[in-house]
S.K.: 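First the structure, then my questions, so here it is.
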Amino acid sequence: MAGRVVIDEAFFARGVVQVARELIGCVVRHDGAAGRIVETEAYHHDEPASHSFVGRTARTATLFGPPGIAYVYRSYGIHALLNAVCEDEATGAAVLIRALQPLDGLAAMRARRGMQDVEALCSGPGKLTQALAVELEHNGTSLLDGPVRIEPPPAGTSAPELVAGPRIGITKATDLPWRFSQAGSRYVSRPWPARTARGRAA
DNA sequence: CATGGGATTGACT
DNA sequence: GTCAATCCCATGC
């Protein structure tokens with residue numbers, strides 16, 4: 001009971017950074033496959049790296065929907081990226097799911113990815129959507145009771161130790177430490193630098 | 001209506 | 001380390 005996370009609309013309605021931290025350890029499930037979230041990034045309306053920064057358009061309309069729905073978009077013409085919409089409908093905030101530790105449906109994941117290495121099946125935002133067969137058609141569907149679901153951490157799993165750092169692959173607002181991952185996980189999209197990304201060691 | 005860029009990945013030097 | 005692949009859509013004329 002104590003410490004047990006409940007995934008409902010109120011969970012996603014809170015601050016996007018808080019949600020990004022608490023999603024580490026939760027489970028994403030779709031079409032016979034599931035994985036534990038080991039890496040996320042937060043995106044908020046008020047910073048230029050976010051798609052919603054330009055305001056509500058045909059592309060970003062989903063970001064201005066209710067909390068707890070999926071925002072799926074195509075990146076570089078090839079990859080579908082999965083986000084969870086957070087806060088309220090006026091905000092346009094979302095958490096990008098960047099990496100999973102495969103749990104169930106390993107055979108299905110390997111078939112969809114066309115490779116075997118379990119550490120590379122879901123170690124990136126474009127990889128995990130391919131492994132779970134998440135497509136653009138899931139844009140706007142509910143993550144609470146839709147085809148693609150986010151579930152609480154399995155009972156008995158302890159709270160993961162978190163690492164925070166700057167976000168990856170963006171050209172704006174790169175100073176915000178809004179990337180979170182499970183410390184020491186071998187399933188993240190990119191390893192963390194030996195010295196902290198904050199320049200601590202200099 | 002034409003153009004340019006992107007929250008990436010995989011293959012190659 | 002470098003670079004191409006390839007779709008959607010925001011922006012500008």
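Only this structure's heavy atoms are used, side chains among them; waters, hydrogens and symmetry mates stay out. Note that the coordinates shown come from a computational prediction; the quantities given were computed from them, not determined experimentally. In the text below, chain A, chain B and the rest are named by the order of the sequence lines, each starting its count at 1.
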S.K.: Just how far, in rounded Å, is P of dG6(B) from CZ of R167(A)?
M.R.: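 That distance rounds to 15 Å.
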S.K.: Mind calculating the distance between CZ (R113(A)) and P (dT8(B)) to the nearest angstrom?
M.R.: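 Whole-Å distance recorded here is 15 Å.
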S.K.: Output the rounded distance in Å from CG (D117(A)) to P (dT9(B)).
M.R.: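 Answer to the nearest Å: 15 Å.
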S.K.: If I take atom CD1 in residue I168(A) and atom C1' in nucleotide dT9(B), what distance separates them, rounded to the nearest angstrom?
M.R.: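 For the pair I168(A) CD1 and dT9(B) C1', the rounded distance is 13 Å.
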S.K.: Under 6.0 Å from the CZ atom of R14(A), do we count more than 12 heavy atoms belonging to anything else shown?
M.R.: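 Counting other residues, nucleotides and ligands, CZ of R14(A) exceeds 12 neighbours.
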S.K.: Is it the case that the side chains of R113(A) and Q130(A) hold a donor-acceptor pair, with the cut-off being a distance below 3.5 Å and no angle test?
M.R.: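 Yes, R113(A) and Q130(A) have a side-chain donor paired with an acceptor closer than 3.5 Å.
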S.K.: Please determine, for the side chain of I78(A), which listed nucleotide (dC9(C), dT6(C), dC8(C)) has the closest atom?
M.R.: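 For I78(A), the side-chain atoms sit closest to dT6(C).
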S.K.: Given L132(A), which of L100(A), I97(A), D31(A), L82(A) fulfils the side chain to side chain contact (heavy atoms under 4.5 Å, CB included) condition?
M.R.: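 When L100(A), I97(A), D31(A), L82(A) are each tested with L132(A), the side chain to side chain contact (heavy atoms under 4.5 Å, CB included) holds only for L100(A).
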S.K.: Classify the nucleic acid contact of R190(A) as base, sugar-phosphate or nothing, counting any heavy atom under 4.0 Å across all strands shown.
M.R.: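 If one applies the 4.0 Å heavy-atom cut-off, R190(A) turns out to touch nothing in the nucleic acid.
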S.K.: For dA10(C), does OP1 or OP2 lie under 4.0 Å from any side-chain N or O of T57(A)?
M.R.: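 So the side-chain polar atoms of T57(A) do come within 4.0 Å of the phosphate oxygens OP1 or OP2 of dA10(C), strictly under.
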S.K.: Describe the nucleic acid contact of T171(A) in one word from base, sugar-phosphate, nothing, applying a heavy-atom distance below 4.0 Å.
M.R.: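 Sugar-phosphate, backbone atoms only, no base.
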S.K.: Among dA7(B), dT8(B), dA10(C), find the nucleotide with the atom closest to the side chain of Y76(A).
M.R.: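 Output: dT8(B).
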S.K.: Look through every strand shown and name the nucleotide pairing with dA11(B) as Watson-Crick or G-U wobble, where both distances are under 3.5 Å.
M.R.: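 Answer to the pairing question: dT2(C), which forms a Watson-Crick or G-U pair with dA11(B).
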S.K.: Heavy atoms from C-beta onward define the side chain here; which of dG6(B), dA7(B), dA10(C) lies closest to that of I170(A)?
M.R.: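 Ranking dG6(B), dA7(B), dA10(C) by closest atom to the I170(A) side chain puts dA7(B) first.
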S.K.: Starting at atom NE2 of H44(A), determine the distance to atom C1' of dA7(B), rounded to an integer number of angstrom.
M.R.: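 My rounded result for the distance is 17 Å.
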S.K.: Taking NZ, NE, NH1 and NH2 as the nitrogens, is one of them in E47(A) or K172(A) under 4.0 Å from a carboxylate oxygen of the other?
M.R.: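 A salt bridge is absent here (no side-chain N lies under 4.0 Å from a carboxylate O).
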S.K.: side-chain contact (heavy atoms from CB on, under 4.5 Å) between L63(A) and F53(A): does it pass, once the steps are laid out?
M.R.: CA-CA 10 Å; L63(A) 283 168; F53(A) 185 72; over 6 Å; no
S.K.: Using the rule for Phe, Tyr, His and the six-membered ring of Trp, do Y43(A) and dA7(B) stack at under 5.5 Å and under 30°?
M.R.: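 One would call Y43(A) stacked on the dA7(B) base.
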S.K.: Nearest of dA7(B), dC8(C), dG10(B) to any side-chain atom of N83(A)?
M.R.: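 Of the options given, the side chain of N83(A) lies nearest dA7(B).
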S.K.: What is the distance, rounded to the nearest whole Å, between atom CD of E137(A) and atom C1' of dC7(C)?
M.R.: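 My rounded result for the distance is 16 Å.
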S.K.: Can R167(A) be said to sit on top of Y43(A)'s aromatic six-ring, NZ or CZ under 6.0 Å from centre and within 45° of the ring axis?
M.R.: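 Yes, R167(A) sits over the ring of Y43(A).
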S.K.: Could you give the CD-to-P distance, from Q116(A) to dG10(B), as a whole number of Å?
M.R.: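 Atom-to-atom, Q116(A) to dG10(B), this comes out as 14 Å.
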S.K.: With a cut-off of less than 4.0 Å, is there a side-chain N or O of H51(A) near OP1 or OP2 of dA7(B)?
M.R.: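 The answer is yes; a side-chain N or O of H51(A) sits under 4.0 Å from OP1 or OP2.
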S.K.: Report the nucleotide, chosen from dC8(C), dT8(B), dA10(C), that has the shortest atom-to-atom distance to any side-chain atom of H79(A).
M.R.: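 Nearest to the side chain of H79(A) among the choices is dT8(B).
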S.K.: Looking at K127(A), I'd like to know whether one of its side-chain N or O atoms comes within less than 4.0 Å of OP1 or OP2 on dG10(B).
M.R.: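 True: K127(A) side-chain N/O within range (under 4.0 Å) of dG10(B) OP1/OP2.
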S.K.: Please report the distance, rounded to the nearest Å, between CZ in R74(A) and C1' in dA5(C).
M.R.: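 Checked: the CZ to C1' distance equals 13 Å.
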S.K.: From the options dG6(B), dC7(C), dA10(C), select the nucleotide whose nearest atom is closest to the side chain of R59(A).
M.R.: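 So the nucleotide nearest the side chain must be dA10(C).
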S.K.: Can you figure out which of dT11(C), dA7(B), dC8(C) approaches the side chain of V54(A) most closely?
M.R.: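 Closest nucleotide to the V54(A) side chain: dT11(C).
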S.K.: Just checking R98(A): base, sugar-phosphate only, or nothing, at a heavy-atom cut-off of under 4.0 Å?
M.R.: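 Result for R98(A) = sugar-phosphate.
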